[in-house]
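Every chain is numbered from 1 and lettered A, B, ... according to where its sequence line falls, protein lines coming before strand lines.
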Number of protein chains: 2
Amino acid sequence: MLSRSKVLIKPSQEQAAELLHYALQNQLLAILACNCKVDYHGRASSRLEWGERLVIIKRDRSLLIHRNTGYEPVNWQPPGCLFHVSFSEGNLLVRAVRKSPHEVVDIFISDLQLAAALELSDYGAFAMYLTEEDMKQAVLKNPFLIEEGFQPITEERSLPTGFVDILGRDSKGNLVVVELKRESADREAIIQLYRYVEHLRKGNPSVRGIIAAPKITKSAHILLKALKLEFKQLTPEVCSKYVKRGEGEPLKSLT
Amino acid sequence: MLSRSKVLIKPSQEQAAELLHYALQNQLLAILACNCKVDYHGRASSRLEWGERLVIIKRDRSLLIHRNTGYEPVNWQPPGCLFHVSFSEGNLLVRAVRKSPHEVVDIFISDLQLAAALELSDYGAFAMYLTEEDMKQAVLKNPFLIEEGFQPITEERSLPTGFVDILGRDSKGNLVVVELKRESADREAIIQLYRYVEHLRKGNPSVRGIIAAPKITKSAHILLKALKLEFKQLTPEVCSKYVKRGEGEPLKSLT
DNA sequence: CGTGCCAGGTGCCTT
DNA sequence: AAGGCACTTGGCACG
C-alpha cells in the first residue's frame, strides 16, 4: 500500500490506542468499530449505554460516533477539539475536548472489531447547483428573469391536467403560463406546457406559454413553434445569482 | 470472529460489490474507503469530483459520504432508500435512490483501500439531559416547578453583579430570584445567588432567593441557611417532561 | 468574538 | 402525507 493507511482487525485496546496516536500524529482519518459507552457534557448532557458503534476521528480532529441506523451521529465533536487517549478501568478511554463552549465527549471502549488509520487524499471540488424549485423561487422574486413586465399571479395553480409552475400576466395583461426545466427542455416538457395552455386558451385565446430552461432540444423547438409556444433561456447558474446558494466549496487547508 | 462481520483490505471492485451485496442482504453496516466521484440530483444537484472518501451504508439503508474533514457528510441519503450496485465504465457504481422526494446519489468508485461489512450489535439506551438554558425554559413555561403560585416577571434581568436566571413573584407578591444549576449546587452558586438577592433586598427586604438544582452540597446548604436563602430540588430529568426533548431513543426495528 | 439566517437541513410529534 | 417545531442544530456572512 503506497499510502500511510493501516488497518487492524480485532486489535487489542493497546494496539488501537497506538493506532489512534499514529492517526492523530499524521493527520489521518481514524475509524474504530467497537463496543463502547459514551458520556457527553457541554451544552447539554447525554449518556449512551454500551453497544457497538462506529467511531470516526477525522483529519481536522472532528469526532463522529455513529450507530447502525440514522443520518445523524449519536454523539460528536466539531473540528479542532483536543483528543486524549488513556486507559480507565479496563477500558480504552478516548476523550475529546472542545474549548469554547466547553464540551467533553468520553468514549469508553472495551472490544474492537476493527481499527483503521486511513490516508484519504481528497482534492476533488464540490459544487452545488439549483433545483427546479429554486429556479421557481428565483423567478417569483425576480419576474424580469422571464421578461420585462412579467408579473406572477399565484405561485401555483391546480388545473385538471396537473400543476402550473408559474402563472402570471405580461405587460399587456395577457395570461402567461411558465414551465420551468432545470435541464434541457424536451418534447415531453413542451407537451406538458401545451396541456396547460390549451386548457386556458378555451376561454381566452391570447394565453401565452413560455418554457424556461437552459436549452431546448431541436425536436422540442420544432414542436414549440407549431404549438405557438415560446422559449426563454434560463439557467440554474443565472438563477443562483438571485437566490444565492453555495455554488462551490474549495477545500479548506488545515492550518 | 463470532459476528458476521467481514473486512477486506484493498479489495477489487468485484470483491467490494460482493461485500456490499452481503451487507445489504444481512442488514450489516458497510464501509468503503475509496477513491470516488459523486453526483447528486434531487432537491438540489451537486457534483463531487474524484477523491478518496469514506462511504457508509447503514443497516437502515441510509447513506453517508464523508470527506476527511468536517462534521457534515458531503453527500448522503436518508434511511430507507434503495441501493443498486453495478459496474459502469470501469468503475463500481453504487446508486442510492430515494422515492419521495425523488433523489438519486450516484457514487462512482475506482479504487478501494478498505471495504467492510460490520455487524454492530447495539441495544444501548441513549438518554439526553437538559442544559441550564433548557431548565430555564421549563420553569418559565411551568412556574409551579419552583412552587405553587410562582409567577416569572421577565425572563432575564441584568443587574450590576451579573444576570438573574429567573426573576418572579410568589403567591404573596414577594420578589423571588431563582438561580438554576444543572448539577449539584455548591457554595459558589449560593454566593452567586446571594449577590443578586442582596442587591434587590436594599430596596425591598422581603426578597426571596431560591436555588433550583438536582442537589446541594452539605457546605452549600449550611451557607444557604445562614443567608436565608432557599433550596428547591429540580432535576433536568423532571424538566425534560415539561419541555419534551428526546429522552430515550429505543432502537427502531426495521420492518 | 457574538448575531442573524439558510440548509438537499434532520428528527419528532401532531393533524 | 403535510405542517410545526426543536436541535449539543451546523454552516456562513457580517458587524
Side-chain angles (χ1 to χ4, degrees), chain A residues 38-48 58 60 62-67 69-81 96-106 126-135 137-138 141 182 236 240 242-250 252, chain B residues 38-48 58 60 62-67 69-81 96-106 126-135 137-138 141 182 236 239-240 242-252:
Chain A
V38 185
D39 283 342
Y40 158 72
H41 290 284
R43 284 170 290 179
S45 298
S46 71
R47 155 64 68 96
L48 177 62
K58 291 193 180 185
D60 60 358
S62 53
L63 167 71
L64 300 172
I65 302 171
H66 274 280
R67 305 186 81 161
T69 59
Y71 163 87
E72 294 192 326
V74 59
N75 283 109
W76 72 91
Q77 204 68 288
C81 67
V97 180
R98 181 189 192 181
K99 279 192 277 252
S100 175
H102 186 69
E103 295 184 293
V104 180
V105 171
D106 278 332
F126 178 73
M128 170 86 66
Y129 303 101
L130 295 183
T131 67
E132 192 178 302
E133 171 61 26
D134 295 314
M135 289 176 70
Q137 294 306 321
K141 289 169 186 163
R182 197 172 48 79
S240 75
Y242 293 93
V243 292
K244 62 166 169 299
R245 200 64 107 60
E247 70 172 53
E249 178 192 293
K252 287 160 214 145
Chain B
V38 184
D39 282 343
Y40 158 73
H41 290 285
R43 284 169 289 179
S45 299
S46 71
R47 157 63 68 94
L48 177 62
K58 290 194 181 185
D60 60 358
S62 54
L63 167 72
L64 300 171
I65 302 171
H66 274 279
R67 307 186 80 159
T69 59
Y71 164 86
E72 294 192 328
V74 60
N75 282 109
W76 71 92
Q77 204 67 289
C81 67
V97 180
R98 181 189 193 182
K99 278 195 273 258
S100 173
H102 186 68
E103 296 185 292
V104 180
V105 171
D106 279 332
F126 178 72
M128 167 88 64
Y129 303 101
L130 296 180
T131 66
E132 190 178 306
E133 173 63 26
D134 295 314
M135 288 176 71
Q137 293 308 320
K141 287 168 188 162
R182 195 171 52 79
C239 288
S240 74
Y242 294 93
V243 293
K244 60 171 168 300
R245 196 69 107 61
E247 69 173 53
E249 180 191 289
L251 261 195
K252 285 161 218 145

Atom P, compared across dG11(C) and dG11(D): separation rounded to whole Å: 16 Å

Over all strands shown, is Q77(A) touching base, sugar-phosphate only, or nothing at heavy-atom distances under 4.0 angstrom? nothing

Would you kindly give the CE-to-C1' distance between M128(B) and dA6(D), to the nearest whole Å? 11 Å

Minimum heavy-atom distance L64(B)-Y71(A), with the two atoms named: CD2-O, 3.6 Å

Can you tell me if K58(A) uses its side chain to pair, donor with acceptor, with the backbone of G70(B) under 3.5 Å? yes

With rounding to whole Å, what would you report as the distance between dG4(C) and dG8(C) at their P atoms? 23 Å

Under-4.0 Å side-chain N/O to phosphate OP1/OP2 contact, W76(A) with dG10(D): yes

I need the minimum non-hydrogen distance between V105(B) and W76(B), along with the two atoms involved. CG2-O, 3.6 Å

Grab the CE-P distance between M135(B) and dA6(D) for me, whole Å please. 19 Å

Rounded to the Å, how far apart are D39(A) CG and dT8(D) C1'? 14 Å

Nucleotide dG9(C), atom P - distance to CD of E103(B) in whole Å: 8 Å

Value in whole Å for how far the C1' atom of dG8(C) lies from CG of L63(B): 13 Å

Over how many whole Å does the gap from L64(B) atom CG to dG11(C) atom C1' extend? 15 Å

Between P on dG8(C) and CZ on R98(B), what's the gap in Å once rounded to a whole number? 13 Å

Using a heavy-atom cut-off of under 4.0 Å over every strand shown, decide if E72(B) touches base, sugar-phosphate, or nothing. sugar-phosphate

Does any non-hydrogen side-chain atom of P79(B) lie less than 4.5 Å from one of T69(A)? no

From C-beta outward on Y71(B), which listed nucleotide comes closest to its side chain: dT10(C), dT8(D), dG11(D)? dG11(D)

Nearest-nucleotide 5' precedence on DNA chain D, V105(A) against P79(A): V105(A)

Find which nucleotide of DNA chain D each of N75(A) and G70(B) is nearest to by heavy atoms, and output the residue with the more 5' nucleotide. N75(A)

Test item: V74(B) and V38(B) side chains (from C-beta on) under 4.5 Å apart, heavy atoms: no

